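Numbers restart at 1 for each chain; the letters A, B, ... are given by sequence-line order, proteins then strands. Quick caveat, the model's predicted, so the values are computed rather than measured.
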Amino acid sequence: MKKLDESLIAPLPPFRKLDRAQIREILDQATSRRHDEGTEIFRGGDEADRFFLLLDGVARVVRVLPGGEQVIVRHIPPGQLIGIAPALGRATYPATAVAASEALTLSWPTRLWPGFMSRYEGFATETWATVGQRLDQLHDDMAALATQAVEQRVAACVLRMVNQTGRAVEGGIEIAFPVTRANIAEMTGTTLHTVSRLLSAWEKDGLVESRRKRIVVTQPHKLVLLSGATA
DNA sequence: CCATTAAAAACCC
DNA sequence: GGGTTTTTAATGG
């Protein structure tokens with residue numbers, strides 16, 4: 001394996017406080033891997049023998065229900081830790097992670113986790129912060145499912161993806177990974193038909209432009225209004 | 001208001 | 001071409 005550059009991870013929150021020697025030490029223990037779009041990074045229920053840092057691309061976290069239907073729990077933008085079952089005191093991954101776009105990860109054996117937590121300043125607190133944020137989002141999603149109409153939930157979902165991974169393109173901000181209407185339906189607890197109708201209506205009103213698997217938000221402000229956020 | 005069903009068009013390898 | 005994605009309409013809870 002070729003040597004990894006220290007600048008890859010030095011600026012990321014979990015490693016920000018570490019000196020050069022520590023970064024080197026971490027990188028030398030890491031395995032880097034490329035994941036094709038649509039392939040699994042790890043599978044829910046499997047033994048959590050490694051934890052990962054998503055260097056590039058977007059990871060889709062999926063829970064498969066007993067019935068076989070799947071729910072997209074969240075998307076993870078680059079720079080975050082995933083598969084951190086050891087932080088939750090678990091021996092197995094709680095969910096499956098799929099590369100939503102071509103992705104690049106670093107990973108380490110889980111047995112190194114305790115050492116990371118104790119030896120590297122800032123790693124533990126960043127981990128807790130990440131876990132806390134994900135819990136928060138989960139609570140927001142539950143509240144939205146219970147109280148908001150479908151159009152509001154879909155609007156909020158699109159906005160969240162834009163905020164997490166959006167990049168400027170001409171005419172607006174584009175979600176930086178491929179998303180289908182079916183994907184959005186799985187995230188928001190509705191059907192692809194309803195999502196399709198909503199996006200068509202928004203496009204007619206000039207709020208978004210979408211082609212297959214691509215969504216560009218042209219009027220974020222109006223979407224925010226639709227999402228019913230804190231008036 | 002929204003899910004379901006059905007059918008067809010549009011897209012991409 | 002053939003599978004996938006998207007759109008549109010009709011029906012019913």
Please classify the nucleic acid contact of [X] as base, sugar-phosphate, or nothing, using heavy-atom distances under 4.0 Å.
X: A:L192; answer: base
X: A:R181; answer: sugar-phosphate
X: A:T180; answer: sugar-phosphate

A:R90 CZ: over 12 foreign heavy atoms closer than 6.0 Å: yes

Under 3.5 Å donor-acceptor, A:T110 side chain and A:A48 backbone: yes

Check: A:E203 main-chain N/O paired with A:S210 side-chain donor or acceptor under 3.5 Å: no

Given atom [atom1] of [X] and atom [atom2] of [N], what is their separation to the nearest angstrom?
X: A:Q152; N: B:dC1; atom1: CD; atom2: P; result: 11 Å
X: A:E186; N: B:dA3; atom1: CD; atom2: C1'; result: 16 Å
X: A:R214; N: B:dC12; atom1: CZ; atom2: C1'; result: 14 Å
X: A:R153; N: B:dC2; atom1: CZ; atom2: C1'; result: 10 Å
X: A:K213; N: B:dC13; atom1: NZ; atom2: P; result: 9 Å
X: A:L198; N: B:dC2; atom1: CG; atom2: C1'; result: 10 Å
X: A:H193; N: C:dT11; atom1: NE2; atom2: P; result: 16 Å
X: A:E203; N: B:dA10; atom1: CD; atom2: C1'; result: 14 Å

Any [X] side-chain N or O less than 4.0 Å from OP1/OP2 of [N]:
X: A:S200; N: C:dT8; value: yes
X: A:T190; N: B:dC2; value: no
X: A:T194; N: B:dC2; value: no

Side chain of A:R212 (C-beta onward), nearest among B:dC2, C:dG3, C:dT8: C:dG3

Plane angle bin for A:Y93 and A:F52 - parallel if under 30°, tilted between 30 and 60°, otherwise perpendicular: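 Judged by the thresholds at 30° and 60°, the geometry between A:F52 and A:Y93 is tilted.
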
Whether A:F51 and A:F116 hold their rings parallel, tilted or perpendicular, with breakpoints at 30° and 60°: perpendicular

